[in-house]
Asker: 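This is the structure I have questions about; it appears just below.
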Amino acid sequence: MTGADEVEIPEVDSASGSGLPIRGNDIDTDQIIPARFMKVVTFDGLGEFAFFDKRFTEDDDLKDHPFNEDRFQDSSVMVVNSNFGCGSSREHAPQALMRWGIDAIIGESFAEIFAGNCLALGIPTVTADSETIQDLQDWVDENPDGEINIDIEDEKVTYDEQTIDVTVDDAQRKALVDGVWDTTALMKSNAGAVGETARDLPYVGDAAGSSAD
């Protein structure tokens, strides 16, 4: 692998920041980012449309929603309930949350595809039981500037001088901690090795050599 091919993928063994509570079960990806905002060439700018229909009326008046509250504008750790990110598999949902400023999500449970799309962005999705999550949401409501620290490798969350046990999917934890969560970057960084291997294979060697010329 040449220097030009090298892509550095950061290890994500922890995350921290103030919290933002999003209450409710079965919050689907259409609520997170309505379909009409998916007609974009790039993901840039999606953050302003996160939870748009939950935040604004048809006349663009503000609704009561945590994303609209001044006290949560610098928050980066979202605390959610069960089956968050269900519905369609749109990758725009975690893209919108990331561009709004979310670095990590703690919840009761996540839709599998949503969690996978979060992993591809380096966003950990960690889980805890319902009572633990409710207590954390209540604390965040009362302490919007309070710090939440997530230890991904040791599966611990610390806030208000207490530490709680959380669960991180084994494959997700390894990918984040080892810095192999960005599969696109991994493929790009290994493009040279892939080409060399392809040229050595008799059934693709000629085609690979031709495409490289």
Side-chain angles (χ1 to χ4, degrees), residues 7-10 12 14-81 83-107 109-127 133 136-137 140-141 143-150 152 157 172 175-176 181-185:
V7 178
E8 183 176 351
I9 304 172
V12 183
S14 64
S16 62
S18 57
L20 187 157
I22 301 295
R23 299 178 188 271
N25 298 326
D26 305 316
I27 293 177
D28 60 34
T29 53
D30 191 54
Q31 295 178 57
I32 299 171
I33 182 71
R36 65 185 181 280
F37 298 119
M38 295 169 57
K39 301 174 183 178
V40 292
V41 178
T42 70
F43 295 119
D44 295 340
L46 274 184
E48 63 182 294
F49 303 119
F51 290 108
F52 192 88
D53 291 343
K54 295 292 183 180
R55 295 167 56 202
F56 300 97
T57 67
E58 292 183 358
D59 297 323
D60 290 334
D61 294 323
L62 289 176
K63 294 182 180 180
D64 182 17
H65 191 278
F67 269 49
N68 288 335
E69 297 185 39
D70 290 340
R71 62 189 181 135
F72 294 129
Q73 292 309 299
D74 294 325
S75 299
S76 60
V77 179
M78 198 159 64
V79 188
V80 303
N81 296 109
N83 200 29
F84 187 83
C86 58
S88 65
S89 59
R90 62 188 66 169
E91 58 183 322
H92 298 69
Q95 288 279 358
L97 295 176
M98 180 181 72
R99 281 163 171 74
W100 191 88
I102 299 302
D103 296 328
I105 312 176
I106 306 171
S109 63
F110 298 90
E112 184 176 356
I113 294 177
F114 175 82
N117 287 335
C118 284
L119 175 60
L121 299 175
I123 299 175
T125 51
V126 310
T127 60
I133 293 298
L136 179 55
Q137 288 176 326
V140 168
D141 256 335
N143 302 271
D145 296 324
E147 188 85 357
I148 300 173
N149 294 289
I150 305 171
I152 296 165
V157 166
Q172 179 185 127
L176 290 169
W181 50 268
D182 190 338
T183 54
T184 300

Asker: Under the side chain to side chain donor-acceptor pair (under 3.5 Å) rule, collect the residues that match up with N68, sequence neighbours excluded.
Answerer: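 Side chain to side chain donor-acceptor pair (under 3.5 Å) list for N68, sorted by chain: R55.
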
Asker: For A104 and I150, which heavy atoms make the closest approach, and how far apart are they?
Answerer: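 Answer, listing the atom of A104 first, then I150: CB-CD1, 3.7 Å.
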
Asker: Check the side chains of D26 and N83 for a donor-acceptor pair under 3.5 angstrom, ignoring hydrogens and angles.
Answerer: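 Per modelled atom types, N83 and D26 side chains form a pair under 3.5 Å.
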
Asker: For D28, which residues count as a salt bridge (Lys or Arg N to Asp or Glu O under 4.0 Å) partner, sequence neighbours excluded?
Answerer: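 With neighbours one apart ignored, the set is empty.
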
Asker: Taking all atoms of both residues into account, what is the closest heavy-atom pair of G17 and E147, and its distance?
Answerer: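 Between these two residues, the closest heavy atoms are N-OE2, 3.6 Å.
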
Asker: Mind checking what makes side-chain contact (heavy atoms from CB on, under 4.5 Å) contact with S18, not counting sequence neighbours?
Answerer: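 So S18 forms a side-chain contact (heavy atoms from CB on, under 4.5 Å) with S75.
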
Asker: Between I152 and V12, what is the shortest heavy-atom contact and its length?
Answerer: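 Shortest heavy-atom contact: CD1-O, 3.4 Å.
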
Asker: Just to verify, what does F110 make a ring-ring contact (aromatic ring centres under 6.0 Å, His included) with, not counting sequence neighbours?
Answerer: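 Result, ring-ring contact (aromatic ring centres under 6.0 Å, His included) vs F110: none returned.
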
Asker: Got I27 and I22 here, is their nearest side-chain heavy-atom distance under 4.5 Å?
Answerer: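 Sidechains of I22 and I27: in contact.
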
Asker: If you measure from CG on N25 to SG on C86, what distance do you get to the nearest 0.5 Å?
Answerer: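 Going from the CG atom of N25 to the SG atom of C86 covers 9.5 Å.
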
Asker: May I have all residue pairs that pass side-chain hydrogen bond (donor to acceptor under 3.5 Å, both in side chains) and include part of residues 113-123, sequence neighbours excluded?
Answerer: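 side-chain hydrogen bond (donor to acceptor under 3.5 Å, both in side chains) check on residues 113-123 returns no pairs.
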
Asker: Applying side-chain contact (heavy atoms from CB on, under 4.5 Å) to F114 and L97, what does each step give before you reach the verdict?
Answerer: CA-CA 12 Å; F114 175 82; L97 295 176; 4.0 Å; yes

Asker: Can you list the residues that meet the side chain to side chain donor-acceptor pair (under 3.5 Å) rule with N143, with sequence neighbours excluded?
Answerer: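 Per chain and number, N143 pairs via side chain to side chain donor-acceptor pair (under 3.5 Å) with no residue.
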
Asker: Using the side-chain hydrogen bond (donor to acceptor under 3.5 Å, both in side chains) rule, collect all pairs that involve residues 84-93, keeping only residues at least two apart or in two chains.
Answerer: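 For residues 84-93: T29-S88, D30-R90, S88-R90.
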
Asker: May I have all residue pairs that pass salt bridge (charged side-chain N to carboxylate O under 4.0 Å, His left out) and include part of residues 60-81, sequence neighbours excluded?
Answerer: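 For residues 60-81: E69-R71, R71-D141.
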
Asker: Mind checking the CD1-CG spacing from I123 to L176? Nearest 0.5 Å is all I need.
Answerer: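 If we round to the nearest 0.5 Å, I123:CD1 and L176:CG are 10.0 Å apart.
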
Asker: Run the ring-ring contact (aromatic ring centres under 6.0 Å, His included) test against F56 and tell me which residues pass, sequence neighbours left out.
Answerer: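 Listed in chain order: F52.
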
Asker: Any chance you could lay out the side-chain contact (heavy atoms from CB on, under 4.5 Å) test for F67 and M78, step after step, and finish with the verdict?
Answerer: CA-CA 10 Å; F67 269 49; M78 198 159 64; 4.0 Å; yes

Asker: So, using side chain to side chain donor-acceptor pair (under 3.5 Å) as the criterion, who are the partners of Q172 when residues are at least two apart?
Answerer: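 Partners of Q172 by the side chain to side chain donor-acceptor pair (under 3.5 Å) criterion, ordered by chain and then number, come out as T125.
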
Asker: Quick one: does W100's side chain get under 4.5 Å of Q73's, heavy atoms only?
Answerer: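 Yes, side chains in contact.
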
Asker: What are the two closest heavy atoms between R99 and F43, and how far apart are they?
Answerer: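 Closest approach of R99 to F43, heavy atoms only: CD-O, 3.0 Å.
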
Asker: Return the CG to CD1 distance between D53 and I33, rounded to the nearest 0.5 Å.
Answerer: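 Here the interatomic distance stands at 9.0 Å.
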
Asker: Who pairs with S14 by side chain to side chain donor-acceptor pair (under 3.5 Å), at least two apart in sequence or on another chain?
Answerer: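 Applying side chain to side chain donor-acceptor pair (under 3.5 Å) to S14 gives none.
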
Asker: With sequence neighbours left out, what residues match F72 under ring-ring contact (aromatic ring centres under 6.0 Å, His included)?
Answerer: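 Testing F72 for ring-ring contact (aromatic ring centres under 6.0 Å, His included), a comparison that skips the adjacent residues, returns none.
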
Asker: Quick one, V140 with I148, criterion side-chain contact (heavy atoms from CB on, under 4.5 Å). Give me CA distance, side-chain angles, the key distance, then yes/no.
Answerer: CA-CA 9 Å; V140 168; I148 300 173; 3.8 Å; yes

Asker: What do you reckon, is CG of L121 surrounded by more than 12 foreign heavy atoms closer than 6.0 Å?
Answerer: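 Enclosed: over 12 neighbouring heavy atoms sit under 6.0 Å from CG of L121.
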
